[in-house]
Enquirer: 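This is the structure I want to talk about, given as structure tokens.
From a predicted model like this one, the values you see are computed outputs, not experimental measurements. Within every chain, numbering begins at 1; the chains are lettered A, B, ... in the order of the sequence lines, protein sequences first and strands thereafter.
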Amino acid sequence: MANLPILQFEDQIIETVERNPVVVIIGETGSGKSTQLSQMLHRRGYTKSGIVGVTQPRRVAAVSVARRVAQELGVQLGYEVGYAIRFEDRTSERTRIKYLTDGVLLRESLSDPELNQYSVIILDEAHERSLNTDILLGLMKRLVTLHASSLKVLITSATLDGEKVSKFFSNCPILNVPGKLYPVEILYSNERPTSYVESSLKTALDIHIREPEGDVLIFMTGQDDIEKLVSKLEDRVRSLDEGSCMDAIILPLHGSLPPEMQVRVFSPPPHNCRRFIVSTNIAETSLTVDGVVYVIDSGYVKQRQYNPTTGMYSLDVVQISKVQANQRAGRAGRTRPGKCYRLYPSILYHDDFLDVTVPEIQRSSLTGSVLYLKSLDLSDMDILKFDFLDPPSTESLEDALKQLYLIDAIDENGSITSIGRTMAELPLEPSLSRTLMEANERGCLSQALSVAAMLSAETTLLPGRSKGNEKKRKHTPLDLPDGSGLGDHIQLLQIYEHWDRNNYDIGWCKDHDLQVRGMLFVKDVRKQLSQIMQKIAKGSLDVRANGRWKESEMAYQKLRKALCIGYANQLAERMIHHNGYRTLSFKPQLVQVHPSSVLRPDDEGKLPDYVVYHELIATSRPYLRNVCAVEIDWVKPILNKVKKININKLSGGTGHIGEETKEKLSDLPKKEINVDGVPDDHESRIQAARERFRARKGKK
DNA sequence: GAGCACTGC
């Protein structure tokens, strides 16, 4: 550890921190910033007056970095050095250095807005610009400027973002700390390939034949392309002349791969064997693969974006930013000098790539964040004027206000209600928080807790859709409950209740093809939610999962009513002549129930007249995912409320965006703030992909 | 009759 580059800068860093409330540190990979900054501050006495808190965007990072620091200081983890993540607080009264996820710090600041227990907050990896980091940046600015606070704030970022962060904090100093990366030679293509799967294949084979040993990391956009490339690579490598080059192992790597498949990339390859790791951007930051010397970068990433006008998410393939391209290239230089093959021309990189990734706050629904900020009760707080590093669009903020109004979290003047206050205490999206509260009133809380917990883990419940899996699924699994014709929420409830009746048996999950890890997560979430609800209700509630299941018919009715109130912002009406739906809480969109839904047409071939939905997402078409049938009588009052919405009043009477914010908005290149802003060439790319898909189907 | 990148409380 002694030769980490950052240690030579200790005096300079401490002096700068001494004289300034906020300091930006640009530290490249391998600089040691995540482990050393906290220890430096500790050595220089900053842990005497309070805790040094270091935030991380990811749980694993918080845990592993804390573990290393404890080791370096020779203390037991959980004492002087600890960490706090959801479900796991390993800190004690003795803790002086605390690693935590930024989500946990936000939660802490709900009960302690001044963050009094901290002397220093280090926002690590701020260049990743997670939604939570962006909220924290705004809160930190407020803390250091509004109060005569002695809090010190350090922000670590990437080269391309440092100036901007410094400007945000009234031109605070920027310190550069060199990294410990080996040089990476960048090689560009002359033009964009028509198919980057083919182009990656060719490049990978070239490397395999011509270049000395070293693993190859290939960045693709998604599971489909990864599987395609993996099988093509296997074919081609097999057909190479025996003995003409070394052996090869080809490994896919993406999030929906079961954990035991993911960890395969951590075991070193056999001697004289090259590994090809075909990955999504999970290998960009979340997972570090050792032994990589060559990187192939398609220049694309799959990104989720939200359109506040339609309330619709879409999953699009978009061009990466310069920061991402550099991050990918850096993966080749961790163990020795490497090479990065960019499958795009250098002029494209320089002239067309955005400097930094569009921050999540400009690509997400802000309902949860706005409720959080409202609940902080900052006296000087006007949500439309909140000082964001990159402000979200007015449409997006207004959309959040409208939705919060529909679910009773704020009143018609935009003030937080007592319902809203309680909702903010629950670690759930607002619609589910509202559902729990309503369920509590109606005597179906235990059922609602199960549904909310199941929805929190939904994507990790069902197994991946790899070919082997599909075959297995047809034979073995036992039937899951069907939601009794009432939809997916009821099915999720039934699944959880079955599991409960089977004493949370792991074998039961396997028999029903449910991911064990996902189901255990659900159980944890449910427990956490139950505890919070007990505390809120200040009395004992019946939160047992399966209290009196003979009365389930009644409970379903009550639960659906509670869901209808909770999802008043996500309501849809069936079309008269077919089974398509029209959304009611936004500019109306024609949408369909996702084919994976358990909702089925009745004897007359019709779906329910009204449904609430958990998610609206456009893939090949706009789909409602996870729907629940609701009754017209419940819907009417909501529609009246929709009609009454007055955005001017909701946004605090002015109806105008604050002058400061307006200036900032005009500073930004349009591309960055346009939520629909998928550049044309991507649109045509996606269009082309769809046509290829149709053509392929035609052949079948 | 489709198939979703990655995080987090």
Side-chain angles (χ1 to χ4, degrees), chain A residues 55-62 84-89 100-111 125 128-136 219-227 253-257 262 279-287 298 300-305 313-318 320 324 357 359-361 363-364 368-369 371-372 375 423-430 432-433 452-453 456-460 462-467 469-470 473 521 524-525 528-529 532 579 592-597 600 615 617-625 690 693 697 700:
Chain A
T55 69
Q56 295 291 329
R58 279 171 296 280
R59 297 162 54 101
V60 274
I85 58 177
R86 188 179 188 179
F87 306 133
E88 207 181 343
D89 184 352
L100 67 174
T101 51
D102 41 24
V104 169
L105 186 61
L106 281 177
R107 229 131 269 272
E108 283 185 3
S109 81
L110 269 182
S111 51
E125 317 288 2
E128 289 186 25
R129 302 296 302 279
S130 74
L131 184 53
N132 287 339
T133 304
D134 269 25
I135 306 273
L136 281 173
F219 284 103
M220 308 294 286
T221 58
Q223 192 176 343
D224 269 2
D225 287 345
I226 288 173
E227 281 168 10
L253 181 60
H254 51 82
S256 36
L257 222 50
Q262 284 188 22
S279 174
T280 59
N281 54 331
I282 195 171
E284 209 174 277
T285 48
S286 308
L287 291 179
S298 63
Y300 288 111
V301 67
K302 206 177 273 187
Q303 220 174 46
R304 198 175 137 104
Q305 8 222 6
Y313 273 99
S314 62
L315 209 52
D316 307 315
V317 172
V318 301
I320 57 173
Q324 275 177 296
T357 315
E360 203 184 345
I361 201 167
R363 296 187 277 116
S364 318
S369 302
L371 177 61
Y372 172 84
S375 78
M423 285 166 59
E425 289 184 47
L426 289 156
L428 288 172
E429 44 200 288
L432 285 175
S433 304
S456 302
E458 208 254 339
T459 49
T460 54
L462 302 167
R465 53 180 182 91
S466 64
K467 283 159 206 156
N469 249 330
E470 220 158 276
R473 204 182 311 166
F521 176 78
D524 275 346
V525 173
Q528 187 189 28
L529 296 176
I532 298 173
N579 276 333
Q592 286 188 322
V593 175
H594 195 276
S596 67
S597 172
R600 293 283 169 262
E615 188 179 44
I617 182 157
T619 47
S620 56
R621 290 170 167 175
Y623 284 115
L624 304 178
R625 290 202 61 221
R690 276 181 202 151
F693 179 69
K697 273 203 140 167
K700 278 187 203 164

Enquirer: What nucleotide, of dA2(B), dC6(B), dG8(B), holds the atom closest to the side chain of Thr280(A)?
Expert: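 Comparing dA2(B), dC6(B), dG8(B) against the side chain of Thr280(A), the answer is dC6(B).
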Enquirer: Figure out the CD1/P separation between Ile226(A) and dA5(B), and round it to whole Å.
Expert: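 One finds 8 Å between P of dA5(B) and CD1 of Ile226(A), rounded.
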Enquirer: From the list dC9(B), dA5(B), dA2(B), which nucleotide is the closest neighbour of the side chain of Ser620(A)?
Expert: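 The answer is dA2(B), which lies nearest to the side chain.
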Enquirer: Look at all strands and tell whether Val104(A) reaches a base, only sugar-phosphate, or nothing, counting heavy atoms closer than 4.0 Å.
Expert: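 Sugar-phosphate, no base atom in range.
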Enquirer: Side chain of His594(A) only, heavy atoms from C-beta on: which candidate in dA5(B), dC9(B), dA2(B) is closest?
Expert: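 Of dA5(B), dC9(B), dA2(B), dA2(B) is nearest to the side chain of His594(A).
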Enquirer: Considering heavy-atom distances to DNA chain B, does Glu429(A) or Ile282(A) have its closest nucleotide positioned more toward the 5' end?
Expert: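 Result of the comparison: Ile282(A).
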Enquirer: Quickly work out the Glu108(A) CD to dG8(B) C1' distance and round it to whole Å.
Expert: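 From Glu108(A) CD to dG8(B) C1': 15 Å.
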Enquirer: Run the side-chain contact (heavy atoms from CB on, under 4.5 Å) check on Thr280(A) and Lys302(A) step by step: do they pass?
Expert: CA-CA 9 Å; Thr280(A) 59; Lys302(A) 206 177 273 187; over 6 Å; no
Enquirer: Rounded to whole Å, how long is the line connecting atom OH of Tyr313(A) with atom C1' of dT7(B)?
Expert: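 One finds 13 Å between C1' of dT7(B) and OH of Tyr313(A), rounded.
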Enquirer: Given side-chain contact (heavy atoms from CB on, under 4.5 Å), test Ile617(A) with His594(A) step by step and report yes or no.
Expert: CA-CA 9 Å; Ile617(A) 182 157; His594(A) 195 276; 5.9 Å; no
Enquirer: Let's go through Val593(A) and Asn579(A) carefully: what are the C-alpha distance in whole Å and the side-chain angles of both, what is the deciding distance for side-chain contact (heavy atoms from CB on, under 4.5 Å) to 0.1 Å, and is it a yes or a no?
Expert: CA-CA 8 Å; Val593(A) 175; Asn579(A) 276 333; over 6 Å; no
Enquirer: Determine, stepwise, if the pair Arg86(A) / Val525(A) fulfils side-chain contact (heavy atoms from CB on, under 4.5 Å).
Expert: CA-CA 10 Å; Arg86(A) 188 179 188 179; Val525(A) 173; 3.8 Å; yes
Enquirer: Go through dA5(B), dA2(B), dT7(B) for me and flag the one nearest to the Ser286(A) side chain.
Expert: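 Ranking dA5(B), dA2(B), dT7(B) by closest atom to the Ser286(A) side chain puts dT7(B) first.
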Enquirer: At 4.0 Å (heavy atoms only), tell me whether Ser130(A) reaches a base, stays on the sugar-phosphate, or touches nothing.
Expert: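 Nothing: the residue Ser130(A), judged by heavy atoms under 4.0 Å, touches no strand.
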Enquirer: What's the closest nucleotide to the side chain of Arg86(A) if the choices are dT7(B), dC9(B), dA2(B)?
Expert: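 My answer, after comparing the listed nucleotides, is dC9(B).
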Enquirer: Between dA5(B) atom C1' and Asp224(A) atom CG, what is the distance in whole Å?
Expert: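 Going from CG in Asp224(A) over to C1' in dA5(B) covers 12 Å.
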Enquirer: side-chain contact (heavy atoms from CB on, under 4.5 Å) with Glu128(A): which of Thr357(A), Asp102(A), Thr285(A), Thr133(A)?
Expert: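 Going through the options one by one, the only one that passes is Thr285(A).
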Enquirer: Would you say Thr101(A) reaches dT7(B)'s phosphate, i.e. side-chain N/O to OP1/OP2 under 4.0 Å?
Expert: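 No, no such contact exists.
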Enquirer: Rounding to an integer number of Å, can you tell me how far Phe219(A) CZ sits from dA5(B) C1'?
Expert: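 About 13 Å, once rounded to whole Å.
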Enquirer: Side-chain N or O of Arg107(A) less than 4.0 angstrom from OP1 or OP2 on dG8(B)?
Expert: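 Arg107(A) to dG8(B) OP1/OP2: no side-chain N or O under 4.0 Å.
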Enquirer: Quick one: label Arg58(A) by what it contacts on the DNA or RNA (base, sugar-phosphate, nothing), any heavy atom closer than 4.0 Å.
Expert: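 Result for Arg58(A) = sugar-phosphate.
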Enquirer: For a quick check of understanding: with a heavy-atom distance under 4.0 Å over all strands, which category does Gln56(A) fall into, base, sugar-phosphate or nothing?
Expert: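 Gln56(A): no heavy atom of the nucleic acid under 4.0 Å.
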Enquirer: Could you check how far NE2 of His254(A) sits from P of dT7(B), rounded to whole Å?
Expert: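 Those two atoms, NE2 and P, are 13 Å apart.
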Enquirer: Using whole Å, what does the distance between atom C1' of nucleotide dG8(B) and atom CZ of Arg304(A) come to?
Expert: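 Those two atoms, CZ and C1', are 13 Å apart.
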Enquirer: Please check the phosphate of dA5(B) (OP1 and OP2 only) for any side-chain N or O of Gln223(A) closer than 4.0 Å.
Expert: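 So the side-chain polar atoms of Gln223(A) do come within 4.0 Å of the phosphate oxygens OP1 or OP2 of dA5(B), strictly under.
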Enquirer: Rounding to an integer number of Å, can you tell me how far Leu426(A) CG sits from dG8(B) C1'?
Expert: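 Distance, rounded to whole Å: 16 Å.
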Enquirer: Assign Asn132(A) to base, sugar-phosphate, or nothing according to its heavy-atom contacts below 4.0 angstrom with the strands shown.
Expert: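 Nothing, no nucleic acid heavy atom in range.
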Enquirer: For a quick check of understanding: with a heavy-atom distance under 4.0 Å over all strands, which category does Leu106(A) fall into, base, sugar-phosphate or nothing?
Expert: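 Here Leu106(A) touches no strand at all.
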Enquirer: Could you go through the side chain to side chain donor-acceptor pair (under 3.5 Å) check for Ser314(A) and Asp316(A) one step at a time?
Expert: CA-CA 6 Å; Ser314(A) 62; Asp316(A) 307 315; 3.0 Å; yes
Enquirer: More 5' along DNA chain B: Gln528(A) or Leu253(A), using each one's nearest nucleotide?
Expert: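 It is Leu253(A) whose nearest nucleotide is closer to the 5' end.
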